[in-house]
Number of protein chains: 2
Amino acid sequence: METLTIGELSARSGVAPSALRFYEREGLIHASRTSGNQRRYDRAELRRVSFIKIAQQVGVSLDEIREALASLPENRTPTKADWSRLSARWRYRLQERITVLERLRDELSGCIGCGCLSLQRCKLANPGDRLAAGGTGPQRILNPVLDLNPVLDLNPILD
Amino acid sequence: METLTIGELSARSGVAPSALRFYEREGLIHASRTSGNQRRYDRAELRRVSFIKIAQQVGVSLDEIREALASLPENRTPTKADWSRLSARWRYRLQERITVLERLRDELSGCIGCGCLSLQRCKLANPGDRLAAGGTGPQRILNPVLDLNPVLDLNPILD
DNA sequence: CTGCTACTTGAAGTTCACTTCAACTCAAGG
DNA sequence: CCTTGAGTTGAAGTGAACTTCAAGTAGCAG
């Protein structure tokens with residue numbers, strides 16, 4: 001069992017065969033073919049699929065994942081060092097995402113007592129109405145993460 | 001300015017008018033109408049929109065958000081206590097999500113050194129091949145969060 | 001060789017969360 | 001009153017990430 005069929009790769013990775021074919025069309029993974037045109041996956045592909053799944057957990061689009069995978073060497077099977085490099089980058093992204101959610105959690109916690117959902121206002125006992133005061137524009141406390149999440153404006157004028 | 005036009009609500013919430021109309025069709029927010037059939041939003045709707053945005057940041061589907069909002073009283077404007085209750089629930093969900101991501105981060109960190117992406121194996125120096133040994137089935141270290149994320153199997157057989 | 005399961009393809013369908021469009025009406029300042 | 005920007009509708013379109021389908025072929029156990 002040097003190589004895996006699509007069914008085997010699917011079973012091991014937990015990714016549906018249809019999704020694996022889709023990933024191949026999208027250039028995320030690769031397969032060789034038997035004389036009868038069936039796909040055979042090198043065991044190294046399993047690692048690529050793992051990587052894709054981890055990235056998706058973090059909330060990264062397939063486009064971005066493809067880009068990341070493109071930084072792997074094409075002429076040879078990626079080494080552990082190669083994966084190590086990518087993983088490290090991933091960890092950083094993951095930490096960013098966690099930090100944003102923690103901030104949101106903490107702000108929300110501070111607001112639970114009053115239920116206002118106007119986080120800035122509640123937390124800072126913000127005097128006056130900054131938006132109505134014009135000038136600085138909407139206060140956005142969260143920055144986009146991984147270009148995925150729409151910026152969240154947590155300072156609407158309430159009450 | 002007792003009520004807001006759709007443009008005003010859009011500006012204050014950062015949500016496009018088309019999205020606000022969509023949310024109304026979907027039963028997430030409500031609006032009254034002028035004699036000329038234009039929407040007028042009660043200021044309380046701003047809080048609903050804030051809630052929707054926060055929930056989306058956490059990664060919750062509109063279906064689930066609608067369900068959460070449905071637990072608000074329909075016959076009266078929600079009080080701060082009502083929002084406080086929902087926020088608390090949200091904070092819990094958020095914490096769950098954070099915990100999952102932290103676990104993923106930590107496992108990934110432990111794996112960066114070797115680049116194997118086979119987290120279970122790497123971390124536990126798992127003797128033998130549990131999947132090939134049959135029996136226990138794939139090891140899934142992450143549970144689904146909010147029914148959103150496909151379960152991530154981080155124990156494919158690598159090497 | 002038979003039979004069976006797994007595999008192949010391209011095209012079309014699905015879900016989510018919206019956006020865009022066309023054709024029209026409203027509201028408010030000058 | 002007139003103009004102009006903001007608002008109205010239903011229907012159709014978008015993009016991401018797949019899944020489903022139909023009709024056919026491969027691979028392998030017996």
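Chain naming here is simple, since letters A, B, ... match the order of the sequence lines and numbering starts at 1 in each.
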As a test of reading the structure: which of D/dC18, D/dT8, D/dT19 is closest to the side chain of B/Arg21, going by heavy atoms?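 The closest nucleotide is D/dT8.
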Would you give the length of the straight line joining atom CG of B/Leu62 to atom CD1 of B/Ile52, rounded to the nearest 0.5 angstrom?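 So the CG of B/Leu62 and the CD1 of B/Ile52 are separated by 7.5 Å.
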Atom [atom1] of [X] and atom [atom2] of [N]: how far apart are they, to the nearest Å?
X	N	atom1	atom2	value
B/Leu9	D/dG7	CG	P	10 Å
B/Phe22	D/dT14	CZ	P	17 Å
A/Arg25	D/dG15	CZ	C1'	15 Å
A/Ile52	D/dA16	CD1	P	16 Å
B/Glu24	D/dT8	CD	P	8 Å
A/Glu8	D/dC28	CD	P	10 Å
A/Ile65	D/dA16	CD1	C1'	12 Å

Judged by atom type as modelled, is there a donor-acceptor pair below 3.5 Å linking the side chain of B/Asp106 to the main-chain atoms of B/Arg103? no
Tell me whether B/Thr99 contacts the main-chain N or O of B/Gln95 through its side chain, where contact means a donor paired with an acceptor under 3.5 Å.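 The answer is yes, because a donor-acceptor pair under 3.5 Å joins these two groups.
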Between B/Arg39 and B/Glu45, does at least one N-O distance fall below 4.0 Å, as a salt bridge requires?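 Salt bridge flag = no for B/Glu45 with B/Arg39.
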Tested for side chain to side chain contact (heavy atoms under 4.5 Å, CB included) against A/Arg48, the lone hit among A/Tyr41, A/Trp83, A/Tyr23 is A/Trp83
Between B/Arg97, B/Arg91, B/Arg93, which is the residue that forms a side chain to side chain contact (heavy atoms under 4.5 Å, CB included) with A/Arg105?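 Output: one option passes, namely B/Arg91.
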The first and last nucleotides of DNA chain C lying within contact of chain A, meaning any atom under 4.0 Å from one of its heavy atoms, run from C/dC7 to C/dT9
Flag side-chain contact, heavy atom, 4.5 Å: A/Glu102 against B/Ile98: yes
Nucleic acid contacts of residues 31-42 of chain B, taken as heavy-atom distances under 4.0 Å to DNA chain C: B/Thr34, B/Gly36, B/Gln38
Flag for A/Ser71-A/Glu67: side-chain donor and acceptor within less than 3.5 Å: no
Quick one: salt bridge (Lys or Arg N to Asp or Glu O under 4.0 Å) partners of B/Asp63, sequence neighbours excluded? B/Arg66
